[in-house]
Amino acid sequence: MGNSIQFIESGVRLIASERNWIEGDAIEQLKHVSRLEGMNQVVGLPDLHPGRGYPIGAACWSQQKIYPALVGNDIGCGMALYETSADANKVKQDKWEKALRKNAFKDQESWSQAGASRFCEQAKRVGLDEQLQANTELVDGFHHSYGTIGGGNHFAEFQKVIKVHNDTLFTELGINKKALFLLVHSGSRGLGEAILRQHVDAFGHQGLDQQSVDADNYLTKHNLALCWAEVNRELIAARMCDCLGLDLTEILDVNHNLVSPVSVNGQTGWLHRKGVTPADQGVVMIPGSRGSSSYLVKPIVSDVSLSSLAHGAGRKWVRSECQGRLRKKYRISELQRTSLGSRVICDDKSLIYEEAPEAYKSIDIVVADLVAAGLAEIIAEFAPVITYKNVYKEACCK
DNA sequence: ATGTCC
């Protein structure tokens with residue numbers, strides 16, 4: 001075990017044990033963020049790795065200032081876990097793979113329509129009705145993206161329980177150990193991107209004063225993007241299950257790219273999470289790569305971690321070097337299978353290399369570091385069955 | 001991450 005909380009410098013902490021390799025560039029980015037005006041504390045989680053200017057896997061707590069660039073372009077990106085009506089041991093992989101490829105993402109226009117009305121309903125339900133009215137033009141621009149997974153590390157993956165680590169906590173959740181589950185990792189697609197771009201075009205990378213109209217405007221759009229992303233994950237799950245004739249029940253849906261008002265030591269401030277799972281939203285899923293386990297954990301709220309957890313394994317290799325490193329080792333057909341017996345549906349040649357299990361760090365170490373730091377309890381471990389990845393391109397040809 | 005980028 002050993003301690004996995006490192007104090008890098010004043011206001012900069014890293015949750016990582018000695019055996020967890022963290023890239024030096026990521027630590028430098030973390031220190032850089034800590035020096036931004038009004039930045040009070042930053043914490044690197046065990047999946048910390050370098051991003052474009054700002055680190056991924058970093059929780060950043062500021063006072064007075066809000067930094068949209070720290071949330072990034074994929075506002076509202078998160079993980080949603082669903083229990084399906086299927087028995088995990090009765091999955092017909094060949095048949096399901098064919099059905100998913102053929103039918104899961106067809107009829108985009110009707111799903112766009114369904115998405116638009118679902119988003120409207122949901123915005124009303126969470127009290128964002130007026131905010132939506134004021135931003136209809138922005139939102140309408142992404143009508144075509146409802147229910148699409150997107151690229152990068154986004155995926156929708158059928159999974160099964162392979163080990164229950166804590167019977168009491170597992171039973172409390174009331175979920176079926178034998179069921180097939182679906183984990184959806186996606187976000188706000190082009191909407192979040194547009195919101196960040198608008199902000200950067202107007203203000204560059206400087207923070208916004210929390211009392212300003214500009215901060216209000218950003219937060220309004222940010223909150224709409226969170227809602228949009230939540231609806232999007234629900235739509236992705238629905239269309240995948242529809243095509244296989246499965247029912248589904250949501251177990252959890254937690255965003256990991258967002259900024260929210262959070263008090264630390266009794267002082268109010270703003271917590272920016274980029275690739276960081278909140279520890280105060282109930283149980284969460286921390287997935288590894290497509291070739292490793294995902295962990296369902298119960299987070300433990302703590303000021304040390306700024307009430308945050310890792311959101312995944314974290315990249316080990318940058319995307320641009322994956323194909324070069326693995327091209328001679330694997331054919332595409334080999335990348336469509338994993339050592340755990342799961343299938344990978346991904347027609348993008350670069351992406352299937354970029355997301356290879358080798359490109360990611362060990363999820364077992366990441367989760368062990370969280371447990372060693374007293375930040376999480378493992379409930380159960382899940383293994384992939386079918387991983388679906390796609391980048392939607394159809395509508396552009398019209 | 002992004003209708004990526006001609």
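In what follows, chains are A, B, ... by sequence order, proteins preceding strands, each numbered from 1.
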Interatomic distance where [atom1] belongs to [X] and [atom2] belongs to [N] [whole Å]:
X        : N     : atom1 : atom2 : result
A:Arg189 : B:dT4 : CZ    : C1'   : 11 Å
A:Gln198 : B:dT2 : CD    : P     : 17 Å
A:Asp348 : B:dC5 : CG    : C1'   : 14 Å
A:His199 : B:dT2 : NE2   : P     : 20 Å
A:Asn390 : B:dT2 : CG    : P     : 11 Å
A:Glu354 : B:dT4 : CD    : P     : 15 Å
A:Asp201 : B:dT2 : CG    : P     : 18 Å
A:Lys349 : B:dT4 : NZ    : P     : 20 Å

Check: Counting any heavy atom closer than 4.0 Å, what does A:Gly151 reach on the DNA or RNA strands: base, sugar-phosphate only, or nothing?
Finding: sugar-phosphate
Check: What does A:Gly72 touch in the nucleic acid at a heavy-atom separation under 4.0 angstrom: a base, only the sugar-phosphate, or nothing?
Finding: nothing
Check: Would a line drawn from the ring center of A:His185 to the ring center of A:His256 be shorter than 6.0 Å?
Finding: yes
Check: Does any pair with a residue in residues 126-135 of chain A pass side-chain hydrogen bond (donor to acceptor under 3.5 Å, both in side chains), and if so which ones, sequence neighbours excluded?
Finding: A:Asp129-A:Gln133
Check: Taking only residues at least two apart or on different chains, which pairs with a member in residues 288-314 of chain A satisfy side-chain hydrogen bond (donor to acceptor under 3.5 Å, both in side chains)?
Finding: A:Asp47-A:His311, A:Gln159-A:Ser294, A:Arg273-A:Ser308, A:Ser289-A:Ser292, A:Ser293-A:Glu381, A:Tyr295-A:Asp364
Next item on the list: Measure from NZ or CZ of A:Arg189 to the centre of the six-membered ring of A:Phe142, then state whether that distance is under 6.0 Å and the direction lies within 45° of the axis.
Entry: no
Check: Under 4.0 Å between a side-chain N/O of A:Arg197 and OP1 or OP2 of B:dT2, yes or no?
Finding: no
